[in-house]
Peer 1: 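Here it is, the structure in full.
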Amino acid sequence: MLKNKIDVCNLGAYDFGSKRPHDNFIISFIWKHIVFYPTPSNLNVFWSFGSLAGLFLVIQIVTGVFLAMHYTPHILYAFDSVENIMRNVEYGWLVRYMHSNGASFFFIVVYIHIFRGIYYGSYMYPRAAVWVSGVIIFLLMMATAFLGYVLPWGQMSFWGATVITNLFSAIPIVGPSIVEWLWGGFSIDNATLNRFFSLHFILPFVIVAAVVLHLAFLHEVGSNNPLGINQHVQYIPFYPYFAIKDAFYLWVCFFFYFSFVFFAPNFLGHPDNYIPANPMVTPAHIVPEWYFLPFYAILRSIPNKLGGVVAMFGSIIVLLFLPILNWSCMRSSDFRPIFRVLYWFLVCDFIILGWIGQQPVETPFIEIGIFATLFYFMFFLVCIPVVGLIEKNIISKAL
Ligand code: HEM
């Protein structure tokens, strides 16, 4: 027993290859990818956010399936069916609040997961495929969350759907036809709600498939770690070490999640969504869910409609190119002093964009929004390549 413990702590002494006791494919798969999966021993808390994201994906699917048993996707009944879930269905309120707050927590966890990736250079070689599949998951998550927010058919559901679907009308020539095609008619109506429900139900399963691919790419090369190097790093089995660590952070996260579910279930939502949708009354401010606010701010910072739409989608698409925009050979920002400062500027910039997204379109918010949008794109398109070049130069001179 003791010998085994000592072996585990010695670099290379732990023979992962020999720990496959079975010929059965499923058992040996679990052994190889979960139990004895070689994991760098120095992973910090930020490496637990991938598992937490997986957990929230499961919570969303399970609670979503139960909600769908009582929800009616019809413009005359949708709002009331949600109220019925809240008031009459046994524990319906709990399932609904777990689902709505689960969406928020899913985004919190995934935002931290993405920013971890940027800080520790997890998007760099050899994990470009892991990163790119992650960005695709993020796009799918955004689409799913947008569709879900329309379903309760409150004022924000209706007007949010109106603003976002109308964005496509900015596309030259085919734009208006695309909007009609999305609506399934000449306005947002029953056909729209019906197809949104159908897509909102199916997309999470597409996300599951994408996550399987994401993890397959990751297990091809193994996890990065806070040092950003794979040599001279100890590898230990995932179970029990990281299974216990992830379980610990799961309970920490549950503490915050259930605090919202039980004590502030509507804090992250918008009160106007408790007013039934009314196409004749426009709310004073149409704001999306908080997790879309930074991108909404980018959309509104460009005075031209098509320009705004391009910038908004561009702000996510630019992430796909991160692996080729980076020319540095160092991953971890712990060892990249210039990049580290710029990274924290990006974090502040993203928070400022989120704040701007909920302000009225007037001075000084317009100017701050334009400046924050400029910095966002500058970070990815200028800072990352230039800092990479500077670092390469310094290192080649030092060698
Ligand atoms: C449903 C959403 C997602 C789930 C369930 C998920 C799951 C995971 C898991 C379990 C890991 C391994 C543990 C960890 O490193 O934290 C991981 C790693 C990774 N994920 Fe995700 N992920 C999701 C979304 C994303 C997104 C949106 C991105 C980027 C845009 C991303 C990029 C990465 C990268 C680069 C790694 C490798 C990290 C490293 O080894 O340093 N993931 N993911």
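Throughout, numbering of the chain's residues begins at 1 and tracks the sequence. Order of listing sets the numbers, starting from 1, for every ligand and every atom in it.
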Peer 1: Both conditions, 6.0 Å and 45 degrees, for the charged tip of R87 above the ring of W93: are they met here?
Peer 2: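 So R87 doesn't make the cation-pi contact.
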Peer 1: Would you say ligand 1 has an N or O under 3.5 Å from any N or O of L57?
Peer 2: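 By distance alone, the answer is no.
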Peer 1: Please report whether the ring centroid of W355 lies less than 6.0 Å from that of F365.
Peer 2: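 Yes: the rings meet the under 6.0 Å criterion.
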Peer 1: Select the closest option to atom 38 (C) of ligand 1 among M141, R116, R127, judged by heavy-atom distance.
Peer 2: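 It is R116 that holds the nearest heavy atom.
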Peer 1: For the ring pair F295 and F313, is the centre-to-centre distance below 6.0 Å?
Peer 2: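 Not under 6.0 Å, so no.
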Peer 1: Please compare L319, I137, V130 and report which has the shortest non-hydrogen distance to atom 36 (C) of ligand 1.
Peer 2: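 Checking each option, the heavy atom nearest atom 36 (C) of ligand 1 is found in V130.
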Peer 1: Note the single closest protein heavy atom to atom 40 (O) of ligand 1, along with its residue, its atom name and the distance in Å.
Peer 2: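 Of every protein heavy atom, N224 N, 2.7 Å lies nearest to atom 40 (O) of ligand 1.
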Peer 1: Geometry only, no angles: is H113 polar-contacting ligand 1 at N/O separations under 3.5 Å?
Peer 2: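 Yes.
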Peer 1: Is the gap between the ring centers of Y77 and H74 under 6.0 Å?
Peer 2: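 Under 6.0 Å, so yes.
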Peer 1: Out of curiosity, is Y120 lining ligand 1, as in a heavy atom under 4.0 Å away?
Peer 2: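 Heavy atoms of Y120 never come under 4.0 Å of ligand 1.
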Peer 1: Is the centre of the H33 ring less than 6.0 Å from the centre of the F29 ring?
Peer 2: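 Distance test on ring centres: under 6.0 Å, yes.
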Peer 1: Examine ligand 1 and decide if any of its atoms is less than 4.0 Å from a heavy atom belonging to F106.
Peer 2: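 The answer is yes: ligand 1 sits under 4.0 Å from a heavy atom of F106.
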Peer 1: Looking only at heavy atoms, is any part of S51 under 4.0 Å from ligand 1, and if so is it the side chain, the backbone, or both, or is it neither?
Peer 2: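 Under 4.0 Å from ligand 1, S51 contributes backbone atoms alone.
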Peer 1: For the ring pair F380 and Y376, is the centre-to-centre distance below 6.0 Å?
Peer 2: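 Yes; Y376 has its ring centre under 6.0 Å from that of F380.
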Peer 1: For the 3.5 Å polar cut-off, considering only N or O atoms, please tell me whether W131 and ligand 1 meet it.
Peer 2: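 In fact, backbone or side chain, W131 has no N or O that close.
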Peer 1: Of all the N, O or S atoms in H214, which one sits nearest to atom 21 (Fe) of ligand 1?
Peer 2: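 Minimum-distance N/O/S atom of H214 relative to atom 21 (Fe) of ligand 1 is NE2.
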Peer 1: Counting the benzene-type ring for Trp, do F56 and Y257 have ring centres under 6.0 Å apart?
Peer 2: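 Yes - the distance between ring centres of F56 and Y257 falls below the 6.0 Å cut-off.
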